[in-house]
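Let me begin by presenting the structure, written as structure tokens, before commenting on it.
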Amino acid sequence: APGSRHHCAMQVVTDQIRNFLQYVAVQFIEFPSEAQLKVTELGPKRLRFKLVLRQSDVALLIGRNGFSASSIRGVLKSISEREDVNVSLQIHSHEEEAEMMARDPRH
């Protein structure tokens, strides 16, 4: 089925990005055991990744002047361009995530 081929390709991209984000998160943050990585397929070829971290780790990962976050997004952009997939990344604390979930459970 053509749909399953799309799904398979998306799965490869999802796994690549997930592995990359997990690797990076472990390098940069102090409490990797508290990190959660959520992936949502928003539509065909549209993925949203969300890293939910301890508040102090959000600051670490976003980095001074946003260096870490912007380099991470740079890598995601190169993967997404190569695979022709739209990828977004959000970095939140657990508190922010809980507030968003409370406002919009579909989030």
Side-chain angles (χ1 to χ4, degrees):
S4 64
R5 202 176 75 237
H6 154 79
H7 183 72
C8 182
M10 288 295 276
Q11 194 56 55
V12 171
V13 178
T14 303
D15 289 346
Q16 278 182 340
I17 295 175
R18 182 186 276 126
N19 293 341
F20 165 69
L21 288 174
Q22 282 169 340
Y23 170 77
V24 167
V26 169
Q27 303 304 311
F28 279 103
I29 67 180
E30 281 184 89
F31 301 97
S33 62
E34 293 182 27
Q36 285 182 327
L37 181 58
K38 300 180 178 185
V39 188
T40 312
E41 199 169 323
L42 298 176
K45 298 199 163 199
R46 287 191 63 213
L47 292 170
R48 181 181 65 200
F49 288 82
K50 201 187 293 185
L51 267 173
V52 187
L53 310 170
R54 186 186 273 216
Q55 184 75 57
S56 58
D57 278 341
V58 171
L60 271 180
L61 195 62
I62 289 176
R64 286 187 206 85
N65 310 322
F67 170 73
S68 308
S70 57
S71 5
I72 292 166
R73 288 195 171 95
V75 174
L76 294 191
K77 190 167 184 285
S78 65
I79 295 175
S80 62
E81 281 170 3
R82 189 183 72 217
E83 304 291 343
D84 189 31
V85 173
N86 182 298
V87 178
S88 63
L89 172 65
Q90 298 173 341
I91 302 169
H92 296 308
S93 68
H94 290 286
E95 293 80 0
E96 289 170 317
E97 180 67 2
E99 274 174 36
M100 288 182 197
M101 296 286 279
R103 282 205 304 269
D104 181 1
R106 290 164 313 162
H107 186 82

Pairwise side-chain contact, L47 with L42, heavy-atom cut-off 4.5 Å (strictly under): no
Donor-acceptor under 3.5 Å (R73 side chain, L89 main chain): yes
Check: Q36 main-chain N/O paired with H94 side-chain donor or acceptor under 3.5 Å: no
Side-chain heavy-atom pair Q11, Q16 within 4.5 angstrom cut-off: no
Hphob cluster co-occupancy, M100 + V52, side-chain heavy atoms under 4.5 angstrom: no
Donor-acceptor contact below 3.5 Å, side chain D57 vs main chain E30: yes
Separation between CG of D15 and CD of Q22, rounded to the nearest 0.5 Å: 9.5 Å
Contacts of R103 that satisfy side chain to side chain donor-acceptor pair (under 3.5 Å) - sequence neighbours left out: none
From CE (M101) to NE2 (H92), nearest 0.5 Å: 11.0 Å
Cluster overlap I62 with V24, hydrophobic side-chain contacts below 4.5 Å: yes
Distance in Å, L53 CG paired with L60 CG, rounded so as to fall on 0.5 Å steps: 9.5 Å
Sub-4.5 Å side-chain heavy-atom contact between V75 and F20: yes
Considering all heavy atoms, the nearest F49-R18 contact: CE2-N, 4.1 Å
Transitive ILVMFWY side-chain link I79 to V87, under 4.5 Å: yes
Side chain to side chain, E41 and R46, heavy atoms closer than 4.5 Å: no
Cluster overlap L76 with Y23, hydrophobic side-chain contacts below 4.5 Å: yes
Heavy-atom closest pair, residues L61 and S68: O-CB, 2.7 Å
Approximate separation, where rounding is to 0.5 Å, of L51 CG and Q90 CD: 10.5 Å
ILVMFWY cluster, M10 and V39 together (side-chain gap under 4.5 Å): yes
Interatomic distance, K45 atom NZ to S80 atom OG [nearest 0.5 angstrom]: 11.0 Å
Distance in Å, E83 CD paired with S78 OG, rounded so as to fall on 0.5 Å steps: 10.0 Å
Check: E96 side chain, S93 main-chain N or O, donor-acceptor pair, under 3.5 Å: yes
E97 bridged to K38 by N-O distance under 4.0 Å: yes
For the student: nearest non-hydrogen atoms of L37 and L21, plus distance: CD1-CD1, 3.8 Å
E95: partners by salt bridge (Lys or Arg N to Asp or Glu O under 4.0 Å), with sequence neighbours left out: none
